[in-house]
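Since the model is a prediction, treat every value here as computed from it, not as a measurement. Sequential numbering from 1 along the given sequence is applied to the chain's residues.
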Amino acid sequence: MVRPLPTRRTTFLVIETKPALILVEDDLSVLHALRRLMLSAGFQVMAFDRPRAVLDSELPKTDACLIVDVHLPEMNGVQLCETLAASGCRLPVIMITGSLDEATRELTHRAKAVAVLFKPFYPRCAVGSDF
């Protein structure tokens, strides 16, 4: 009597990772709140309170997104994004700002951001976006 060979089931464990978020915000209360919010949503978060700290850090090359305040000390958020782009960083950018003036709107257009969030914004607005 010939018995069939037992079939072997292969099970794969798929771990879905969310992109890393690189937060740049000089208002420490906003920075900490955004960091906590993004961590609770399962993101890996790198948080910076000034542009120089970002430029001095090793950033992910892929699977990450920059979330940058427009108005920062040392240089504005758009200048930071332009400096990063000139060094080869090609990560998508979300700009955040509390200013609704025309100069700020022009700055956000120059940054080629995938989105602009105007403060104050609702947590669902920040967490529910896919990029």
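- Residues satisfying the side chain to side chain contact (heavy atoms under 4.5 Å, CB included) test with S57, not counting sequence neighbours, are F48, L59.
- In this structure, V30 and L34 have side chains that are in contact, with non-hydrogen atoms separated by less than 4.5 Å.
- Taking both residues in full, the closest heavy atoms of H109 and R105 are given as CD2-O, 2.9 Å, listed atom of the first, atom of the second, then distance.
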Quiz prompt | CA sep, side-chain torsions, deciding dist, call: V93, V114, side chain to side chain contact (heavy atoms under 4.5 Å, CB included) | solution = CA-CA 6 Å; V93 176; V114 297; 6.0 Å; no
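- Here the side chains of P51 and V68 are not in contact, with every heavy-atom distance at 4.5 Å or above.
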Quiz item: side chain to side chain contact (heavy atoms under 4.5 Å, CB included) between M95 and I67: does it pass, once the steps are laid out?
Solution: CA-CA 6 Å; M95 300 298 298; I67 301 176; over 6 Å; no
Quiz item: Please walk me through it: do L80 and L55 pass side chain to side chain contact (heavy atoms under 4.5 Å, CB included)?
Solution: CA-CA 8 Å; L80 172 62; L55 296 172; 3.8 Å; yes
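- Sorted by first and then second residue, the pairs that involve residues 60-71 and meet salt bridge (Lys or Arg N to Asp or Glu O under 4.0 Å), not counting sequence neighbours, are D69-K119.
- Annotation: the span from C65 atom SG to L91 atom CG amounts to 7.5 Å, rounded to 0.5 Å.
- Using modelled atom types, one side-chain atom of Q79 and one backbone atom of N76 make a donor-acceptor pair closer than 3.5 Å.
- Nearest heavy-atom pair, A64 versus P92, reported as atom, atom and distance to 0.1 Å: O-CD, 3.4 Å.
- E25 and I96 get closest at one heavy-atom pair: OE1-CD1, 3.6 Å.
- With values rounded to the nearest 0.5 angstrom, I22 atom CD1 is found 12.5 Å from F43 atom CZ.
- Qualifying side chain to side chain donor-acceptor pair (under 3.5 Å) partners for T108, counting only residues two or more places apart in sequence or in other chains: none.
- Contacts of D56 classified as salt bridge (charged side-chain N to carboxylate O under 4.0 Å, His left out), with partners at least two apart in sequence or in another chain: R52.
- Checked against side chain to side chain donor-acceptor pair (under 3.5 Å), D27 has the following partners two or more places apart in sequence or in another chain: S29.
- Counting heavy atoms from C-beta on, the side chains of M46 and L21 never come closer than 4.5 Å.
- Side-chain N or O atoms of K18 include one that pairs as donor or acceptor with a backbone N or O of A41 at under 3.5 Å.
- For E82, the side chain to side chain donor-acceptor pair (under 3.5 Å) partners at least two apart in sequence or on another chain are R110.
- Residues passing the side chain to side chain contact (heavy atoms under 4.5 Å, CB included) test with H32, sequence neighbours excluded: L28, R36.
- In terms of the salt bridge (charged side-chain N to carboxylate O under 4.0 Å, His left out) criterion, residue partners of R50 (sequence neighbours excluded) are, by chain and number, E74.
- Screening residues 85-102 for salt bridge (Lys or Arg N to Asp or Glu O under 4.0 Å) gives no qualifying pairs among residues at least two apart or on separate chains.
- Looking only at side-chain heavy atoms (C-beta outward), I94 and L66 stay at 4.5 Å or farther from each other.
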Quiz item: For S99 and V70, what are the C-alpha separation, side-chain angles and deciding distance, and is it a side chain to side chain contact (heavy atoms under 4.5 Å, CB included)?
Solution: CA-CA 9 Å; S99 302; V70 173; over 6 Å; no
